[in-house]
Amino acid sequence: MFRTRFAPSPTGELHIGGLRTALFTYLVARQSGGTFLLRIEDTDRKRFDPHSADHIQEALRWAGLEWDEGPIFQSQRLPHYQQAAAELVARGAAYPCFCTPARLDEMRQEQTRQKQPPRYDGRCRGMDLAERQRLLTDGAPHTIRQAVPETGITTFHDIIYGTISFRNEEIDDSVLLKSDGFPTYHLAHMVDDHLMRITHVIRGEEWLPSAPKHVLLYQAFGWEAPVLCHLPSILAGGGQGKLSKRHGAVSVISYMQEGYLPDALINFLALLGWSPGDDREFFSKDELVAAFSLEKVSHSGAVFNREKLDFFNGSYLRRKTLRELADLVLPYLIEADFPLGDGPRPDPSLLLALASVQDRLRKLSEAPELLSFYFHEPLYQAALLIPKKSNAAEIRQTMNASLEALRNLDDFTSSSLESTLRGVIERQGWKSGTVLWPIRAALTGREASPGAFEVLAALGKERSLVRLERALDKLETMA
RNA sequence: GCCCCCAUAGUCUAGUGGCCGAGGACAUCGCCCUUUCAAGGCGAAGACGGCGGUUCAAUUCCGCCUGGGGGUACCA
């Protein structure tokens with residue numbers, strides 16, 4: 001029964017990398033029958049975005065990652081952190097620092113000039129106790145800094161990376177409590193993880209270098225540290241392959257708006273840095289819960305590959321029933337201002353139209369473009385009606401024959417349309433292309449589109465005949 | 001600069017010393033199907049970064065180099 005948490009800072013919208021972290025965190029909790037908690041780490045008042053927490057929750061919900069506890073806001077738990085900081089000072093693991101931002105800035109510039117690693121020089125750490133007490137009682141502004149041991153090695157175990165150690169002398173005395181009384185991440189997250197009985201800290205690898213600070217803090221408190229797990233980054237992949245050049249960090253909401261299905265995104269993201277160890281690639285969320293394990297997460301960063309995401313999305317879209325697809329696509333058609341009529345919303349002809357494009361759809365936002373000829377008379381050049389290796393005279397002939405056969409046909413279903421037109425083709429001994437290509441071109445105005453029978457059926461007899469007659473007119477004026 | 005992490009095809013990955021003359025997926029190319037484009041089926045091309053070790057045997061272990069990523073804030 002593990003307790004895990006996703007702990008984003010509310011500084012903007014949830015990004016793809018954050019969603020993957022949330023997913024892995026969620027999976028660990030679910031597969032143990034444990035608890036997944038959402039904690040908003042809003043301890044930076046400068047970067048705080050008031051809408052961010054809502055956006056993050058919306059994105060998580062859309063993705064299907066429901067949390068069991070929270071959201072908990074750190075800004076409402078200040079006393080916990082202040083008390084913890086005081087405790088640390090009492091234990092000698094932290095100390096008040098009265099250095100001003102200006103002095104710190106100057107100090108770092110000097111260090112950089114001398115080609116030394118920029119870090120706190122320890123001025124207030126060695127301060128005379130009487131002096132410290134005097135400043136404190138005077139109410140001098142100060143922060144609380146971690147007193148990192150000057151010698152020794154801090155070692156910890158990461159589920160993914162294994163044993164990692166740092167020389168304590170390399171670790172800086174970070175600020176734990178800011179002068180405004182807010183904690184920094186270093187203090188807040190570990191205090192909360194302890195108080196909330198978190199068993200697994202799962203976060204991005206950008207935290208790896210500061211992990212020893214946190215381990216030291218757990219030791220100072222005498223608390224048992226949770227299992228640590230750092231996830232490899234998702235990379236943008238600039239400059240190498242042609243397929244990877246326009247990938248970047250993008251917000252989850254934008255994928256939602258572009259018409260990616262949450263299940264497809266989740267499936268894709270799960271495979272970015274994790275694999276089951278065999279050749280399976282399609283996973284429902286439940287299957288992920290069953291198969292996932294942190295031990296199988298890879299150690300190296302993964303480039304975000306949108307082509308593969310599109311493949312997954314198309315694949316998930318193809319599994320939808322037509323009614324499901326209609327519900328999904330409708331908002332995009334409305335957005336595109338298509339004349340949808342007054343009838344029942346997923347009307348039969350819309351379902352037929354959708355069926356004709358389902359195989360070509362990679363994301364929902366492509367639907368208006370793929371379906372436009374069903375809603376608007378197509379504009380095209382007469383030459384489009386004539387396939388290669390044919391001519392206007394021949395096409396006029398086949399079109400007239402097709403038109404006549406179609407006028408006499410009442411059952412406008414794909415199958416009866418097919419047998420009727422194949423009958424025409426066979427009787428006249430024509431090549432099927434000379435009959436079918438011009439019909440399809442006349443109906444869609446496109447070089448590439450769904451097949452003639454499907455379009456005929458979806459458009460219906462009346463509208464089909466109008467378009468075919470118009471095409472014939474075009475052919476006449478051509479000659 | 002210093003510290004940490006990483007390294008199988010364009011991309012995501014399988015692989016824990018011999019089963020690898022390296023498996024799967026996306027993308028690419030070809031063929032089939034076919035009125036077009038997709039989808040689908042079949043097939044092709046494509047990788048163990050380099051150099052040294054260890055070993056009877058290294059993609060797998062070790063070191064160095066190179067390359068990539070991250071950190072170095074009163075941001076997370």
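Order of the sequence lines sets the chain letters (A, B, ...), proteins ahead of strands, with each chain counted from 1.
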Short heteroatom pairs, N/O only, protein and nucleotides 19-22 of chain B, under 3.5 Å:
none

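- A sub-4.0 Å separation between OP1 or OP2 of B:A76 and a side-chain N or O of A:Lys213 is absent.
- Annotation: proximity of residues 266-285 of chain A to RNA chain B (heavy atom, distance under 4.0 Å) is found for A:Leu271, A:Leu272, A:Gly273, A:Ser275, A:Gly277, A:Asp279, A:Glu281, numbered in ascending order.
- Residue whose closest nucleotide on RNA chain B sits further toward the 5' end, between A:Arg167 and A:Asp44: A:Arg167.
- The aromatic rings of A:Phe292 and A:Phe24 are tilted relative to each other, their planes meeting at an angle between 30° and 60°.
- Remark: the A:Ser179 side chain and the B:C74 base include a donor-acceptor N/O pair separated by less than 3.5 Å.
- As judged by a 4.0 angstrom heavy-atom cut-off over every strand, A:Arg145 is placed among residues touching the sugar-phosphate backbone only.
- For B:C74, one of the phosphate oxygens OP1 or OP2 lies less than 4.0 angstrom from a side-chain nitrogen or oxygen of A:Arg108.
- Using cut-offs of 30° and 60° on the angle between ring planes, the pair A:Phe283 and A:Trp274 is perpendicular.
- Checking B:A7, B:C4, B:C26 against every side-chain atom of A:Ser300, the shortest atom distance belongs to B:A7.
- Dashed line: the shortest gap from a side-chain N or O of A:Ser210 to OP1 or OP2 of B:G71 is not under 4.0 Å.
- Contact between the side-chain N/O atoms of A:Lys115 and the OP1/OP2 oxygens of B:C2 is not found at any separation under 4.0 Å.
- Between A:Lys296 and B:U13 there is no side-chain polar atom (N or O) within less than 4.0 angstrom of OP1 or OP2.
- Taking only side-chain atoms of A:Leu235, from C-beta outward, the nucleotide of B:A76, B:U35, B:G69 with the closest atom is B:G69.
- Base engagement by A:Cys99 is indicated by at least one non-hydrogen atom pair under 4.0 Å involving a base atom.
- Distances were taken from every side-chain heavy atom of A:Ser449 (C-beta onward) to each of B:U36, B:C5, B:G71; the shortest belongs to B:U36.
- A close approach under 4.0 Å does not occur between any side-chain nitrogen or oxygen of A:Ser9 and OP1 or OP2 of B:C75.
- Under the Watson-Crick or G-U wobble criterion, with both distances below 3.5 Å, B:A25 is paired with B:U11.
- A heavy-atom distance below 4.0 Å to RNA chain B is reached by these residues of residues 420-441 of chain A, ordered by number: A:Arg422, A:Ser432, A:Gly433, A:Leu436, A:Trp437, A:Arg440.
- Each of A:Arg422, A:Lys431, A:Glu418 was evaluated against A:Leu436; a single residue qualifies, A:Arg422, per the side chain to side chain contact (heavy atoms under 4.5 Å, CB included) test.
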